[in-house]
Structures are given as C-alpha cells and as structure tokens.
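Quick note: residue numbers are just sequence positions, from 1. Both counts, for ligands and for their atoms, begin at 1 and track the order of listing. Since we're looking at a predicted model, the values are computed, not measured.
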Amino acid sequence: MEGKNYINGAFVNGASGETFESRNPANTDEVLGTFPLSSETDVHNAVSTAKDAYDGWRRLSRIKRGEYFDEFVQLLKKDREEISRLVTKECGKGIVEGRADVTEGIHMVQYVFGTVRMPHGDVIDSEIPEKDAFLRRKPKGVVAAITPWNFPFAIPLWLICPSVVEGNTVILKPSRETACTANKIAEYAHKAGFPPGVINVLHGGCGDLLVKHPDTRVVLFVGSNDVGSDIKKIVAGFHDKMCACEMGGKNALIVLDDANLDIAVNAAIISAFKTSGQRCTSASRLIVHEKVLSEFEKRFVETTKRIKIGNPLEEDVFMGPVINQSATEKIARYNELAKKEGAKVLLDGGRLTDELHKKGYFMSPFVYRMENNPKSRVLREEVFGPHVAIIPVKGIDEAIEVHNNTDYGLSCAVITEDFRKARRIRDDCEYGLGYVNLPTIGAEVHLPFGGVKKSGTGLPSASTLIDVVTHRTAWTVNHAVEIKMAQGLTVKL
Ligand code: UN1
C-alpha cells in the first residue's frame, strides 16, 4: 500500500517527502505499506482545513450528520473480512481478534448513528414557571485523536465517531505501526462522502505538533502513561484546550476461595494472553486465594502450555507476535526482573526463534508465582506482553489490598459465586471497568471506557466521550411578558 495523508478530502503526500514503513510483525520481511512522515506544514494544512470545515459541519442538523455514519457503516460491513485480515496482518493479533476489533469499530459507528434521533439534552425546571431551561450540547471545534496500534480500527473509531457526530472536525494521528489500517479508515470515510476536512488523517511523527497547535481544542489520546502525561502538561498551558487520555493498566483478576475454577482458568487465559497480553485491559496479575491456589495454578499452567503461537491469520492460533523489536526487549527485561525480585518461575517465556517463528516477534508466556510485595516493580508496572504473576492471598481483604497496590486502575475482574464478596470488590477496588465471573477484557462500546489513577483522566471514551467533545450549555427562555427572576431578584421600578 502506498499510503498518504488524508487532508481536505484528498489523499496527499507529506510535505517533507520523508516516509516510514509499516511491516508485518509476524514476518518482518513483509512491508505492508509506506507512509508520509508528517511535518509542521502537514499539521498546519490539516488543522486549517479542519478549522474551515467546522463551521459548515456544525451547522448541519445532528440527524443529517448521523446519516453519513449510516453510509460509512454499510461500506465497512461489506468489507469486514478484508479489513479484519489487514488488522491482523498489521498488528499481529489472531484473526478472531482482528474480526473483533473491526466489529467493535463497526459497533461504535452504529452506536453514534443510533443516537441521532434520541434525546440529546434535558429540559430543566426553573423556579419561575414561565421560564424553561434547557441543557444543550455544543461542539468544540477541531479535535486531535492520537491512537495506538493494539486496536488500530476500533480505537480510532471510538474517538472519531462521537466527536464528528456532535459537530466537531477531527484529525486522526494513528500509530506508525498500524498506518495501513488508518489509511483504510480514511478511504472508507472518503467513500461514505463526509465533507472535505471533517475527517483527516495525518501519519507519523506529528502527534506533539497537533497537541501544541493553538487551533486544536480537544486532544484525545489512548496509549502509554508517559506520553499521556506529556500531553497533559502541554494542554495545561492553554486556557481553551482540554485532553482526555487513556493510559494503560496493571489489571488483576481475583480468584476467591469459592470460585468456579472452570470460569477462573478460562477467564485468566483470556485476560492474560489475548492480543498476546497487549491490551490496556489485559491482566498481568492473577490474585488467587490460597485455598484454591494449587488447583488453579496447575490448571492455568497446563492450559497455557497448550496455547498455539504462530501465524495470526490461521484460525486456531491463539497468540500472534508482539508488535516490534522493542516490545520483545521490554518483555524480556521484565521477565528477568521478575526472577531477580524472587519469582518462582512456572513457565519461562522468551522469544521463539525456531523455523516457524524466526521471522516474527513471537514471545511465549512467562508465568510465575510471587508473594505480594508492595515494592516489587513487576507487580506494579505495566509490561504489555504475555507476562503474568500469580499472587497468593489469604482472603478478600488481602486480595483488595494487593489489587490496589499499583498506580494504575483500569480493569478488574473477580471470580466468585458469592454476590456479597463481589460487592466488596465492586466497592473497594480501584478501577474503571469491573467484571464478575468474566475476564478483564472485552468492554462494549456503549459503556464508559476509562480508568482511574495513572490509567486515565477520569473522562472515559467510547459512548461517554460525548461529555468531552461537547460543552454542556444552559439555555433559558422566558415565556412571560415581564421579567421574573429566580432567587427573588425581580425588580419593578
Ligand atoms: C485497549 O486495549 O486499549 O475491553 C482497548 C477491551 C477492548 C478494548 C481494549 N474492548 O478489552
């Protein structure tokens, strides 16, 4: 694919002429596409086109804006399989997950289209019977959306769809690792007929320029805490810019003493190893009650050994490669660190270099048992790979304490048959997404998606992004011929 930026309804080269490549992480010899490395000129062009398009776009009725999404989703649904295969090739997740990523993106488009004929504000009583007050929503202007490679289809759509349907215009800056998928999003938006400048895509190397640009009103970001923290600092320097950041997790699945162990093992496998552990919602901590520890551990390790790692386009492959060389190095560093910190290694993971795997970034699961230690780095820091600790606990109090012993707070799951214990987890653990008898992954688009502590800014994305990309305004109308004021302010001279 010869990728381009998508600005003002046209596919264009970058101003500098510099490019980068997107490669298949399962076979690094395979170049999937070449893309422009965007520079200041490209950012200037994209932001000014999005700014110009904003006025016309916001003036359309919300229902008219929604109709573009109807066209968009029909095109996406027709090519669902082709897009899924591209997602899988580019980011390495198994094809079942490639399809799920595309399905989740499609759900987001369907969701926003479904909202346009639904109530969108509130009518609020006034103290004065002749006054009607309305809560109305206004768009904000140009939105910059900076997205990661692990959900190259769904996450851009989580951010683009609510922004655009509300009347904002958007510039998407996708990860360089998954530029082909972002290019596809631009192609389908183009075919769906969105007016020029409403949706723009800028590849590579320009995220900070978009954040710093005085005309981007909102910055939406999903990625690492380091980058998110830098974005927050830059945005704080502007009086009229805000950001909503989703920034990873160190999630845990808690297995209590009364747990159904079939559910527990299955949920743990899904939580730890889907997407090779590279979801913000992946669990890298399994907090297990000592009464069920040996049985759980035995079954979890046996099942993990059966995981098929290989070409993610094969239907029965569970784990594809991780995303790139530096991911393999980071995971290996954390595996070593776990050993130094006193882990009892149950499965020693590492890079697979045999004939079948030598061309890709394949890592096998690293599973260990480790006593709770509030100072341990491996039990507190995000690894983003198939690296998982089993932490024994004596009861629910300790489980909660261990759960909260990290700076992150995104996703939490408990396996129990006891609704009272589940309620304690619900109330005392720190998280944004909580699950009972389920894995820590698999949120749906019509729920708020976001975390607490280092995981987020408290402004969840997907459906609830509407609160970030709109101003809630009060609009009050007087139906009387005289002015009657609230708070006893009525004056007649
Ligand atoms: C992410 O990893 O950043 O809940 C997103 C889930 C998916 C989204 C994950 N629906 O696991």
Side-chain angles (χ1 to χ4, degrees), residues 84 87-88 90-94 96-111 145-162 172 174-175 177-178 181-182 220-228 231 244-253 266-284 318-320 322-323 327 382-388 408-413 431-436 438-457 459-465:
S84 307
V87 165
T88 281
E90 201 173 29
C91 78
K93 59 170 87 173
V96 174
E97 292 193 60
R99 291 185 190 118
D101 189 333
V102 174
T103 300
E104 190 167 343
I106 285 175
H107 288 167
M108 195 69 234
V109 187
Q110 289 172 326
Y111 174 84
I146 303 173
T147 55
W149 48 264
N150 67 337
F151 274 77
F153 192 78
I155 293 182
L157 292 175
W158 281 4
L159 306 185
I160 292 172
C161 296
L172 170 69
S175 163
E177 306 287 359
T178 49
T181 308
L220 306 174
F221 170 74
V222 179
S224 72
N225 183 274
D226 286 350
V227 177
I231 290 175
C245 303
E246 300 299 340
M247 298 171 289
K250 182 72 184 175
N251 310 300
L253 177 109
N266 199 359
I269 294 283
I270 293 171
S271 304
F273 302 127
K274 280 273 183 199
T275 331
S276 303
Q278 303 170 105
R279 291 188 183 219
C280 301
T281 51
S282 296
S284 52
F318 189 97
M319 264 175 47
V322 298
I323 191 67
E382 186 178 46
V383 180
F384 228 58
H387 168 112
V388 62
Y408 291 95
L410 182 60
S411 183
C412 158
Y431 61 86
L433 309 159
Y435 296 96
V436 182
L438 284 166
T440 55
I441 71 164
E444 300 176 53
V445 299
H446 48 283
L447 297 167
F449 187 98
V452 295
K453 298 158 85 180
K454 268 172 95 175
S455 294
T457 38
L459 300 165
S461 51
S463 62
T464 42
L465 200 71

Report summary line: Across all chains, not counting sequence neighbours, the ring-ring contact (aromatic ring centres under 6.0 Å, His included) partners of F221 are none
**Report entry** Close side-chain approach of S282 and T275, heavy atoms under 4.5 Å
**Finding:** no
Query - Q278 and W149 side chains, donor-acceptor separation under 3.5 Å - result: no
Query - Set of residues satisfying salt bridge (charged side-chain N to carboxylate O under 4.0 Å, His left out) with respect to K454, sequence neighbours excluded - result: none
Report summary line: Expected contact list for ligand 1 at under 4.0 angstrom, heavy-atom basis, is E104, N150, F151, I155, W158, R279, C280, T281, I441, G442, A443, F449
Query - Under 3.5 Å donor-acceptor, T281 side chain and I441 backbone - result: no
Query raised in the report: Of all residues at least two apart in sequence or in a different chain, which pass the salt bridge (charged side-chain N to carboxylate O under 4.0 Å, His left out) check with E97?
Result: R279
